[in-house]
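Computed over heavy atoms, backbone and side chain alike; hydrogens, waters and symmetry mates excluded.
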Amino acid sequence: MQHNQTKPSTLVDEREAASILCYSVRALQNWRHRGGGPDFVKVSARSIRYRRADLEKWIADRTVSNTSQTI
């Protein structure tokens with residue numbers, strides 16, 4: 001494995017997760033509260049992390065080839 005590749009199990013904080021998804025941290029917080037966002041890891045009561053693999057899966061699950069497809 002090359003050094004510039006990241007393991008799928010690597011945990012990232014919500015700022016980095018938001019950057020990867022091109023969304024705001026606030027959007028991630030809303031999704032955690034309401035549902036619908038990527039799976040996350042609750043490290044403690046006030047510490048949330050995301051696995052890169054879960055972010056990639058969330059993106060893949062929303063990839064469509066036309067506007068009539070549902071997600």
Side-chain angles (χ1 to χ4, degrees):
M1 180 183 262
Q2 295 177 3
H3 292 296
N4 63 351
Q5 293 178 329
T6 306
K7 294 180 183 179
S9 60
T10 300
L11 295 177
V12 298
D13 63 20
E14 67 180 354
R15 255 183 47 238
E16 188 170 352
S19 176
I20 290 167
L21 298 176
C22 299
Y23 274 93
S24 67
V25 169
R26 188 58 149 164
L28 289 178
Q29 293 167 345
N30 286 335
W31 287 332
R32 286 198 306 268
H33 180 70
R34 297 178 185 150
D39 290 343
F40 59 92
V41 178
K42 192 170 184 177
V43 177
S44 68
R46 299 186 65 130
S47 182
I48 301 296
R49 298 291 183 268
Y50 291 86
R51 288 187 311 165
R52 284 190 176 273
D54 292 330
L55 297 174
E56 295 296 330
K57 180 182 182 314
W58 189 82
I59 292 167
D61 289 348
R62 279 150 187 76
T63 302
V64 296
S65 59
N66 63 64
T67 57
S68 63
Q69 287 181 267
T70 59
I71 53 172

Taking side chain to side chain contact (heavy atoms under 4.5 Å, CB included) as the criterion, tell me which of Ile59, Leu11, Asp39 meets it with Asp54. Asp39
Run the salt bridge (charged side-chain N to carboxylate O under 4.0 Å, His left out) test against Glu56 and tell me which residues pass, sequence neighbours left out. none
All salt bridge (charged side-chain N to carboxylate O under 4.0 Å, His left out) counterparts of Arg32, not counting sequence neighbours: Glu14
Side-chain touch [X]/[Y], heavy atoms, less than 4.5 angstrom:
{"X": "Leu21", "Y": "Pro38", "answer": "yes"}
{"X": "Ile48", "Y": "Leu28", "answer": "no"}
{"X": "Thr10", "Y": "Arg51", "answer": "no"}

Roughly how far, to the nearest 0.5 Å, is the CD atom of Glu16 from the CD1 atom of Ile20? 4.5 Å
Looking only at heavy atoms, the pair that brings Arg49 and Val43 closest together is CG-CG2, 3.7 Å
Is Arg26 atom CZ crowded by more than 12 heavy atoms from other residues, nucleotides or ligands, each under 6.0 Å away? no
Pairs in or reaching into residues 6-53: which pass ring pair (Phe, Tyr, Trp, His ring centres under 6.0 Å), with residues at least two apart or in two chains? Tyr23-Trp31, Trp31-Trp58
